[in-house]
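So the structure is just underneath, and the comments pick up after that.
Within every chain, numbering begins at 1; the chains are lettered A, B, ... in the order of the sequence lines, protein sequences first and strands thereafter.
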Number of protein chains: 2
Amino acid sequence: MANKPPAAHDHRRCIDKALAAAEQICYKNSVKLTPVRKQVFTIILQSHRATGAYTILEALAKALPAGASKPAPPTVYRALAFLQSNRLIHRLASINAYIACCRPARNHESYFLICQHCHNATEIPGENISAAIARQAGMEGFKVRREHVEVLGVCTNCTAKEPG
Amino acid sequence: MANKPPAAHDHRRCIDKALAAAEQICYKNSVKLTPVRKQVFTIILQSHRATGAYTILEALAKALPAGASKPAPPTVYRALAFLQSNRLIHRLASINAYIACCRPARNHESYFLICQHCHNATEIPGENISAAIARQAGMEGFKVRREHVEVLGVCTNCTAKEPG
DNA sequence: CCGTAAATGTTATGTTATATCATTCTAGTA
DNA sequence: TACTAGAATGATATAACATAACATTTACGG
């Protein structure tokens, strides 16, 4: 996928690393990273942008062996549900799209910077944000279970390219 | 609408106040709070829960004069777009629903606590959260434009009712 | 009253997601 | 090997959310 990663890096290695981590996590969780699930995860990993479910569906259709029947939406959504429940991906609700989690081993929430220009999404450390949320929630007597932070704006690459 | 507001209050007064504020804001912005827009806003104001577009559509159909033709989705979505652009409502992306803004006069972003049990959504002050976001975004060289914070959990009412 | 722009109505369709049931695959076990 | 129970996938249909495109009506300054 034509895509500018947030910083120059070996994306092949990035993918392999994520896949290896996924294998480990699934093993630990006693669940199976089946071919379909692995394929969907690989498709998501191709890009640092978030990917829509139907884009994944198309990519999956192309990736499948020539003779195979075309996959249907539930195939993708089931794989996505599996990957989410094992914390391998996040769903970005504001743009209805899915993206790989960059630190799947940690039990963390979802904090993203989404570039409105190039559509790259960067996962950021959430400790400080979470602390601020906890303070406000505490004042309301609210028990926090899941945090979704999606910040829209312009990334550093795009700012450099298009000043003003 | 059967609904527990976050704290006991006179909801009629709550609605009237919001409508009055909306009138003022529209006057200041030189835009018109037409009957359809006002009706949609009123429907949203009925509840402290977020309301789905098609639920609004149904309510709008009932609210219209007996002889009037049934409204179609674009009618609702146009009103929602108007209300959003004048900062009178927010869209909660994680649940595809719309809710009145509690401080429309301020130029603020969207910070919500959403109860997974009663579905009430509480808008919280975002200053601290925003500061934490700004710090992380700054480290990435990211220009922040819009912030969406949606925290899922259990509100104080529901915690009291269902301990454990 | 007329012309223009804004708002709304109307029809159709695009996009995202899930329910349901049939079939196939997998791993344990006799 | 063959059986079987549960997991995973295939397949069909439809639900839920949202917008494009164009026609019609309304508001209002001239």
Side-chain angles (χ1 to χ4, degrees), chain A residues 22 26-27 29-41 43-44 49-61 63-86 88-99 119 150, chain B residues 22-23 26-27 29-41 43-44 49-61 63-86 88-99 119 148 150:
Chain A
C26 288
Y27 180 77
N29 293 357
S30 304
V31 295
K32 283 177 283 187
L33 192 64
T34 64
V36 170
R37 292 166 177 172
K38 188 168 181 175
Q39 188 66 60
V40 168
F41 189 44
I43 288 164
I44 292 171
R49 301 179 195 181
T51 309
Y54 280 70
T55 303
I56 293 169
L57 183 59
E58 280 176 39
L60 186 60
L64 254 39
S69 60
K70 271 199 172 182
T75 298
V76 168
Y77 282 102
R78 281 192 285 235
L80 291 173
F82 172 87
L83 295 169
Q84 281 186 263
S85 72
N86 288 282
L88 296 170
I89 63 171
H90 293 285
R91 176 172 187 269
L92 299 186
S94 67
I95 56 175
N96 294 326
Y98 303 82
I99 191 165
H119 302 109
E150 299 183 20
Chain B
E23 300 275 14
C26 288
Y27 180 77
N29 293 357
S30 306
V31 295
K32 282 178 283 187
L33 191 63
T34 64
V36 169
R37 291 166 177 172
K38 188 169 181 174
Q39 188 66 59
V40 168
F41 189 44
I43 289 164
I44 292 171
R49 302 179 195 180
T51 309
Y54 280 68
T55 302
I56 294 169
L57 183 59
E58 282 177 39
L60 186 61
L64 253 40
S69 62
K70 273 198 169 179
T75 298
V76 168
Y77 282 103
R78 280 192 284 234
L80 291 172
F82 172 87
L83 295 169
Q84 282 186 92
S85 72
N86 288 283
L88 295 170
I89 63 171
H90 293 285
R91 176 170 188 269
L92 299 186
S94 68
I95 55 175
N96 294 326
Y98 302 83
I99 190 164
H119 301 109
H148 291 280
E150 299 184 18

Are side-chain heavy atoms of [X] and [Y] found at a separation under 4.5 Å?
X        : Y        : answer
A/Leu80  : A/Ile56  : yes
A/Tyr54  : A/Val76  : no
A/Ile99  : A/Arg91  : no
A/Glu150 : B/Glu150 : no

* To do: Determine yes or no for a side-chain-to-main-chain donor-acceptor pair under 3.5 angstrom, with A/Gln39 supplying the side chain and A/Leu60 the backbone.
  => no
Measure the distance from [atom1] on [X] to [atom2] on [N] and round it to the nearest whole Å.
X       : N      : atom1 : atom2 : result
A/Lys38 : D/dT9  : NZ    : P     : 14 Å
A/Leu33 : D/dA7  : CG    : P     : 18 Å
A/Tyr77 : D/dA13 : OH    : C1'   : 15 Å
B/Leu57 : D/dA16 : CG    : P     : 13 Å

* Asked: Of B/Pro35 and A/Lys32, whose closest DNA chain C nucleotide lies nearer the 5' terminus?
  ->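 The residue closer to the strand's 5' end, by nearest nucleotide, is B/Pro35.
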* Structure fact -> Between B/Pro71 and B/Asn96, the residue closer to the 5' end of DNA chain C by nearest nucleotide is B/Pro71
* Asked: Looking across every strand, which nucleic acid part, if any, lies under 4.0 Å from A/Phe82 by heavy atom: base, sugar-phosphate, or nothing?
  -> nothing
* To do: Could you check whether A/Arg37 gets within reach of a base, just the sugar-phosphate, or nothing at all, counting any heavy atom under 4.0 Å?
  =>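 Sugar-phosphate: the residue A/Arg37, judged by heavy atoms under 4.0 Å, touches backbone atoms but no base.
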* To do: Check every nucleotide of DNA chain C for an atom under 4.0 Å from a heavy-atom of chain B, then give the first and the last such nucleotide from 5' to 3'.
  =>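 That gives a stretch of C/dA7 to C/dT11.
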* Nearest-nucleotide 5' precedence on DNA chain D, B/Arg78 against B/Ile95 ->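 Looking at DNA chain D, the more 5' nearest nucleotide goes with B/Ile95.
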* **Which nucleotide in D/dT12, D/dA20, D/dA27 has an atom nearest any side-chain atom of B/Pro74** =>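 Of the options given, the side chain of B/Pro74 lies nearest D/dA20.
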* Where the side chain of B/Pro73 is defined as all heavy atoms beyond and including C-beta, which of D/dG10, D/dA18, D/dA27 is the nearest nucleotide? -> D/dA18
Distance check: side-chain N/O of [X] vs OP1/OP2 of [N], anything under 4.0 Å?
X       : N      : answer
A/Ser69 : D/dA11 : yes
A/Thr34 : D/dT9  : yes
B/Arg91 : D/dA18 : yes

* Determine the minimum heavy-atom distance between B/Phe82 and B/Lys32, stating which atoms define it. => CZ-O, 3.3 Å
* **D/dA15 base / B/Tyr54 side chain donor-acceptor hit below 3.5 Å** =>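 Donor-acceptor pair under 3.5 Å: no.
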